[in-house]
Structure formats: C-alpha cells, structure tokens
There are 2 protein chains.
Amino acid sequence: MARRADVLDLAVLGLLHDSPLHGYELRKRLATVLGPFRVLSYGTLYPCLKHLSDQGWITSAANDTDPVGGRRARIVYELTAAGKEHFDALVDESGPTSWEDESFGVRFAFFARTPTEVRLRILEGRRSRLEERLDSISTSVARSRERADQYTLELQRHGLESAQREVRWLNELISHERGEQPPTA
Amino acid sequence: MARRADVLDLAVLGLLHDSPLHGYELRKRLATVLGPFRVLSYGTLYPCLKHLSDQGWITSAANDTDPVGGRRARIVYELTAAGKEHFDALVDESGPTSWEDESFGVRFAFFARTPTEVRLRILEGRRSRLEERLDSISTSVARSRERADQYTLELQRHGLESAQREVRWLNELISHERGEQPPTA
DNA sequence: GTTAGCATGTAAGGAGTTACATGATTTT
DNA sequence: AAAATCATGTAACTCCTTACATGCTAAC
C-alpha cells in the first residue's frame, strides 16, 4: 500500500538531484522528462512534493530573502541525503514496471545515473515488451482481416511500423551499451 | 457533468454497430480499436455497458438459448436506434479532444463511418497538435542544451523523430482524402 | 492435476484532472 | 486594456485498476 506514483517520485527526485528548484520551474522541467505530452497539473505536483517532504526525501524552504522584482516568494525544494539514497534505490530497480510506456521514458532520462547492467536489463525488457506487442498486432490483423476496413488496417499497419522502428532503435542502444559500437554511432 | 469516457462509449457503440456482441468478446475487439497497449479491465467495461444500457443506447439480453458446450450463459449487447443516432452524433464532432493521443486512434478506427469533412478536420487537427509538440521539444532542447546529458538528448531526438514521422504519415493521409493521390498510394 | 481460456460482475482504492482561490508583473 | 506568465495551493470529482467472488471446460 501507499504506492503512489513511484514514477513521479523518481522524476522529481532526479531533477532535484541536479539543483534545488521551486514548484513552478520543476513542473516545466518535468515536461522534458515525462514527455511534452503529459504535462503535470499543480493538483498532482504539489501533493507529490508534500509527500516527498513527509518522507524526509526533500526539504522545502520559503525563499523570501530573494523575492525577485516583487514576485510572490518561491518555495525552494532541495534533496536530502535520505532522498539521494532513495533515488539510488529506485534507479537500481529493474522490474517489469520499468519498461512500460508510462515509466520507460523517465527511467531512460536518468540512465546517466543508472548502472550499466540495470540499463541493459531495462532496454532488453522494453524490447521484449514491444515484441509482444508486435505479436499481438499481427494476431489481431490475421483474426480481423475480413471484418476490418481500410482505415482500421491502415491504423494497424502504422502501429506495427512504429513498434518496429522502436525495436530497431533499442537494438542500436543495446549494441552501444555492450560496447559493440554500431557504424551509425 | 456526467461526462464519463466519451471515447470508450464511442468505441463500444462503434463495435456494436457491426454486430451484437457479449462483454468478453467486446473486450478483445476493443484491444484492436484502443490499441493493444491499453487493454481494458472488466471493472471498466461492465460499468460502461451498464451506463450505455441506462441511456437506452444498447439492449442487453441473456442468451441462455445457446449455452455453447455448457459454458456460462452469455449476455449479448445490441445497438438500439437511439444508440445509432448517438454514435452518429459522436462521430460528427470534431472538437479539440478528437486529436489528442487518447482519442485519435479511436476516431480514426471509425473513419469509414465518418463524413469526409470531419475526417479532414481531425487529421489536420492532429497534425497541428503534433507540430505544437515538435515546437515544444525544440524549445526544450534549446533551453536545456548545457544541462542535459547524452541520454536525455537521445530521448528528445527520438521523440522528435517519431513526431516528424507521424506528421509525414498524416500528410499522406490528408492528400489522399483530398483526392490528390500521392505516388506512394 | 493444473494451467489457460471462457464468462460476468462488485468494492475499494489510486492517480490524476478540472475548477477554484489569489494576486503580482510583464508583454502585446 | 487585455492577455500571458509567474507562483502556490485545495476540494471535488473522474476514470480506471486491482483484487475479490464464482464456476465451468479444454488443453497440456
């Protein structure tokens, strides 16, 4: 229980690892990590920061010594030693949740601070996940050939191609991680 | 209020448009329409069917005349006249929600029953949406060039490329809809 | 004999959104 | 003068998942 969004925790702790930040700026940077799609609302961000504070992973300090221009005083959040430990523990995990759509991007964004074996496990897990998807698309194409119209087929074709492209991308990354420098690197 | 998942309603009504189905089979076919990722749980599907029934858009009938093999009697859902009207009304809409990630695939899956002008509006809306995304990625790349490591840059590069590919795909589809047969069609 | 597939549902809870509340400053 | 950006937060609500409850048949 009390699982919350581990992915979001990871993203926030990871960003604060570089430098202390206030909520508003944090949200903008989260867009880079979570993908420019899923832009987080404050209704998610602030409760999350409160949670991280309660766990002792970050500290919050009202920065009223520097109210720039006359703007509202910002609350700056900073990673604690316990927070760094927790971040390292999260980064070391490579369970099945690491390679799902929602978390893979975040895990990848912090690869620079992830051990090589963990990186490889995540990349390979992601690749298997996509291969399962390729299988299930092929099966469903075969099953529904008569029923499906041109648009449905086109959608499936496009989905298949996108997944295949991502597999090729992962293959290159995996070769690269193993030190087998591919010609395109 | 009472918005519920309009997208899910559309998907279910659209599938029942072809033929009456029972819940279990419906769920499998939804995987084709919603994408093989997001496989719906029964905890979402059955309440949704109940909702559609309450609105008078579908009827449910216990099919105990045909308990195949001795299997549990299936409950077969069928579209009503009101349901067909509601489906047509949903399909005629081309608001900003049509081209978001969660709904675009479903809207596209029913393009065969969508008027040409609506199809074009949705495809063009989707394209603008992706172009906004391309802009926001470029901006964030520019802003974070120094801060970002190789992995973050690689993630952004891959995101950019995927979005560009989808734009090209949309361009082809739009030309095709306009009757300007592209050489690759 | 046990796993997988067929088949329908409910209850509790988690994750996140939207709308609200508030107000200053900078750009158009 | 209006709109956008900066800045923090809460309350209500929605959508969806997980786990539970039940039981039969076919394949391995």
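Excluded from the calculations below are hydrogen atoms, water molecules and symmetry mates; all remaining heavy atoms, backbone and side chain alike, are included. Reminder, nothing fancy here: chain letters follow the sequence lines and each chain counts from 1.
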_Charged N-O contact under 4.0 Å between Asp88(B) and Lys84(B)_ = no

*Whole-Å distance between dT8(D) C1' and Leu45(A) CG?*
10 Å

*In whole angstroms, how far is the P atom of dA7(D) from the CG atom of Leu21(A)?*
12 Å

*When you check the phosphate oxygens OP1 and OP2 of dG9(D), does a side-chain N or O of Lys50(A) lie under 4.0 Å from one of them?*
no

*In whole Å, what is the span from the NE2 atom of His51(B) to the P atom of dT10(C)?*
15 Å

_NZ/NE/NH1/NH2 to OD/OE distance under 4.0 Å, Asp92(B) and Arg113(B)_ = no

*Looking only at heavy atoms, what is the nearest atom pair of Ala11(B) and Leu34(B), with distance?*
CB-CD2, 4.3 Å

*Do the ring planes of Phe110(A) and Phe87(A) sit parallel (below 30°), tilted (30 to 60°) or perpendicular (above 60°)?*
perpendicular

*Locate the shortest heavy-atom distance separating Trp99(A) from Arg126(A); write the atom from each residue and the value.*
O-NH1, 2.9 Å

*Arg27(B) side chain near dC6(C) phosphate (N/O to OP1/OP2, under 4.0 Å)*: no

*Could you please name the option among dT8(D), dT17(D), dA7(C) that lies closest to any side-chain atom of Tyr24(A)?*
dT8(D)

*asked:* Quick check on DNA chain C: between Lys28(B) and Leu49(B), whose nearest nucleotide comes earlier from the 5' end?
replied: Lys28(B)

*Taking atom C1' of dG5(C) as reference, at what distance in whole Å does atom CZ of Arg74(B) sit?*
13 Å

_Please tell me if Thr44(B) has a side-chain N or O lying less than 4.0 Å from either OP1 or OP2 of dT17(D)._
yes

_In this structure, how many angstroms lie between the C1' atom of dG16(C) and the CD atom of Glu102(B), rounded?_
12 Å

*Nearest whole angstrom, please: distance from the P of dG14(C) to the CG of Asp6(A).*
13 Å

*Mind calculating the distance between CD (Glu25(A)) and C1' (dT8(D)) to the nearest angstrom?*
15 Å

*Which part of the nucleic acid, if any, lies within reach of Gly23(B) when heavy atoms closer than 4.0 Å are counted: base, sugar-phosphate only, or nothing?*
sugar-phosphate

*Per Leu8(B) side chain, nearest of listed nucleotides dC16(D), dT8(C), dG9(D)*: dC16(D)

*Taking the side chain of Arg38(A) as its heavy atoms from C-beta onward, which of dT8(C), dC6(D), dG16(C) lies nearest to it?*
dG16(C)

*Of the nucleotides dG9(D), dT8(C), dC16(D), which has the atom closest to the Tyr46(B) side chain?*
dT8(C)

*For dG9(D), does either OP1 or OP2 sit under 4.0 Å from a side-chain N or O belonging to Tyr42(A)?*
no

*Mind calculating the distance between NE2 (His22(A)) and C1' (dC6(D)) to the nearest angstrom?*
8 Å

